[in-house]
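Worksheet: one structure, shown below.
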Amino acid sequence: LRMQTDLSSFLLVFGRAIHAIARISDEFCFDPVEKGLALRSVNSSRSACAYVFFSSMFFQHYCWAAVSESCQKEKQLPIPCKLIIKSVLPVFRCVNMLDRNVEKCNIYTNINEHHITFQLICKHGVVKTHNLTFQECDPLQAVFAKHMCPNVLKLQSRLLADIMIHFPMSQEEVTLSVTPVKVCFKSYTDEDTADFSKAMHTEIQLNPDEFDSFQVGVDSEVTFCLKELRGLLAFSEATSTPVSIHFDISGKPIAFSIEDMVLEASFILATLSVIEDEAAPEQPLRFSQRQESKPHRNGNSQNMELVAPRSPLAKQQRTIIPKLSNGDTTGIERATTVETVGRTMQELSSTHSDYHKVRKLQSHLPYFSKQGNKALQLFHSLFFGAVSFKGKDAINDTFHSLATASDTEEDSVPTQRSQV
Amino acid sequence: MRFRAKIVDLACLNHFSRVVNTVARLAKTCTLRLAADKLYFILSDKVANGGVSVWCELCQGNFFDEFQMEGVAAEHNEIYLELVPENLSRALKTAQNAKTVKIKLTNKHCPCLTVAVELPSLSSTSRIVTHDIPVGIIPRRLWSDFREPSVPDFDVSIYLPVLKTMKSVVERMKNLSNCIVIEANLSGEMNLKIETDLVSVTTHFKDLGNPPWVSDDESPSSAQDKDLESMAEARIDIKKLLQLLAGQQVNPTKALCNIVSRRIVHFILLHEDVSLQYFIPALA
């Protein structure tokens with residue numbers, strides 16, 4: 001795979017895309033395909049995922065070749081690779097400065113040596129070459145039926161930035177509230193935190209007229225993580241494309257996407273689940289995973305989503321949130337989480353069947369705080385299933401939703417620290 | 001208790017924001033005292049504040065287009081609120097091209113100062129940004145804690161050098177030492193000194209001028225008793241001094257300090273319609 005581009009917008013746009021993805025996770029998947037380059041990442045709590053696709057036309061020169069014949073018998077496709085973001089960010093760190101100095105940027109993969117090379121050819125004969133080691137990864141792709149969302153808003157990226165600027169950088173979560181005639185964005189603070197009474201609350205009311213298009217099929221209030229979105233805001237401003245927001249009621253994911261002739265991007269975030277009616281079924285977002293045709297996978301197809309990828313480096317914490325209704329009448333659904341560090345099938349299947357085990361998640365995850373027996377108000381994680389790659393290996397999507405119908409759980413479940 | 005105020009003029013809004021920003025740099029939490037004609041931002045010299053105190057006084061008429069205040073009681077027609085000035089600063093920060101800014105006392109989940117900013121928009125209706133800033137209502141029995149501090153019986157009073165210059169000097173000194181000595185005399189000379197085991201640095205300022213203070217009980221002869229050359233000095237926390245200097249966004253019309261040797265340094269910054277007093281106690 002070779003890509004060459006020249007400057008004008010490339011570094012800014014590509015750099016901002018990397019930065020946007022960096023807000024989601026420390027690693028991302030660099031996945032070149034025939035039509036272009038896909039970058040994907042998912043955060044560790046599986047509550048946010050980012051997908052950016054640069055079509056081959058975005059690059060001045062894009063050359064994608066299948067892997068050599070020796071691999072063909074295994075039906076091995078050009079391996080999508082996982083990169084640590086921290087190693088890539090410095091390449092695109094000072095985008096403004098780069099713009100002035102860099103004349104050309106080459107990106108190419110060297111599969112045998114497990115390198116991706118970013119080469120910046122700068123003025124005055126300076127050539128900066130960054131060789132980044134990658135690991136194989138199973139790219140996870142969100143399966144999110146945007147067309148099924150009753151609410152779709154489209155607005156200029158400038159407007160979205162002008163709205164979000166009123167929230168401080170420290171604001172974690174934001175609520176979008178719509179009716180067919182009103183729309184507002186407001187800050188969200190968890191009622192249970194100590195900060196609640198001291199926190200400043202900000203609300204922005206707009207006229208639906210300000211939107212390029214405003215379609216609200218169902219009144220809703222969805223709360224999502226603003227911090228993860230900020231990268232997309234900067235990215236969309238660089239591309240000057242309008243942003244589309246697809247969403248449903250609370251608990252269902254929200255997607256922010258941009259699309260133009262040469263690129264598209266989609267950031268899908270889980271939303272806080274607040275339901276009036278306990279009986280209302282929850283539908284967490286499903287993800288799809290590229291079909292692995294490697295031999296060792298064959299036996300595991302029915303539990304694909306639980307299997308950790310080959311790479312030992314990937315500590316896959318898969319967060320699964322089955323819905324447990326615990327008789328809470330405050331209208332806030334308490335969901336419990338089961339965290340698995342997937343290593344073996346054995347461990348996973350036992351956890352799989354046991355919804356009652358609740359383990360506390362890592363404290364760095366913003367959504368999962370709090371101690372004690374209280375079940376947590378949580379963002380729904382996004383589930384991963386299996387999907388075909390370009391329709392080649394047709395898979396009947398073997399979705400296995402781990403969130404089956406809610407088990408009634410009267411007592412709050414004991415929490416234990418996860419073994420990480 | 002009611003409070004409603006409105007700013008419509010961008011210059012006034014800008015000016016008010018700058019005052020709030022300055023206060024926010026000096027105090028994490030402070031008291032906002034609302035009177036019929038004035039507003040005060042007050043930080044009293046509690047131990048928790050490291051002994052510094054702030055008194056910032058504004059004439060409301062110079063900022064607000066509308067100002068209605070009904071205090072706790074008829075004879076005590078004032079309101080004292082405890083708030084985090086950084087919140088107010090933040091609320092005003094993105095209002096810089098606002099059509100109007102309204103500030104009022106409300107009761108949401110707790111008493112709040114609500115700042116409602118009306119912004120121009122692409123559509124027929126304006127964009128409204130509302131910030132609810134939680135405040136604490138300070139009961140009347142505690143009001144005496146927030147009296148205006150009196151000007152101390154100083155040894156020397158002197159005009160400050162250009163604040164920007166002073167700030168860059170002190171900023172560099174901050175890297176070398178935690179405390180700084182301010183000394184000045186009645187001949188318009190001021191020195192800023194730091195001394196460590198390894199190094200001592202002094203910056204000298206001359207021809208600063210000494211403000212003429214009029215004291216009731218001062219007889220003309222006593223002025224001559226004072227030795228014009230002798231320095232009054234105080235050793236203070238350099239960070240506190242820097243907070244004052246770094247927070248200044250506009251050069252004041254008058255800036256001076258009063259030094260009580262080894263006790264306290266009292267800074268007074270005067271703009272047209274705002275006065276700011278800042279007290280830094282001397283270190284042992």
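Residue numbers begin at 1 in each chain, while the letters A, B, ... track the order of the sequences.
- For A:Lys146, the NZ atom counts as densely surrounded, since its 6.0 Å shell holds more than 12 non-hydrogen atoms of other residues, nucleotides or ligands.
- Remark: B:Arg140 engages B:Val72, B:His76, B:Trp143 in a side chain to side chain contact (heavy atoms under 4.5 Å, CB included) (not counting sequence neighbours).
- Remark: B:Asp65 pairs with no residue by the side chain to side chain donor-acceptor pair (under 3.5 Å) rule, at least two apart or across chains.
- Atom NZ of A:Lys227 is surrounded by more than 12 heavy atoms from other residues, nucleotides or ligands within 6.0 Å.
- For residues 81-98 of chain B, the interface with chain A (any heavy-atom pair closer than 4.5 Å) comprises B:Asn87, B:Arg90, B:Ala91, B:Thr94, sorted by residue number.
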**OP:** Applying side chain to side chain contact (heavy atoms under 4.5 Å, CB included), run through B:Ser124 and A:Asn207 and close with a yes or a no.
**Re:** CA-CA 8 Å; B:Ser124 49; A:Asn207 189 323; 4.0 Å; yes
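- Side chains of A:Asp209 and B:Ser123: no donor on one and acceptor on the other come within 3.5 Å.
- In this structure, A:Ile163 CD1 and B:Leu119 CG are separated by 11.0 Å, a value rounded to the nearest 0.5 Å.
- Enclosure of atom CZ in B:Arg4 is not indicated, since only 12 or fewer non-hydrogen atoms of other residues, nucleotides or ligands lie within 6.0 angstrom.
- Considering NZ of A:Lys198 and SG of B:Cys110, their distance stands at 11.0 Å, rounded to 0.5 Å.
- Here salt bridge (Lys or Arg N to Asp or Glu O under 4.0 Å) pairs that include residues 108-132 of chain B, with residues two or more places apart or in two chains, are A:Glu210-B:Arg127, B:Lys108-B:Asp132.
- In this structure, B:Pro134 and A:Ala199 approach most closely via the heavy-atom pair CG-O, 3.2 Å.
- Your options are B:Thr125, B:Val135, B:Val129, and the one with the most heavy-atom pairs under 4.5 Å with chain A is B:Val129.
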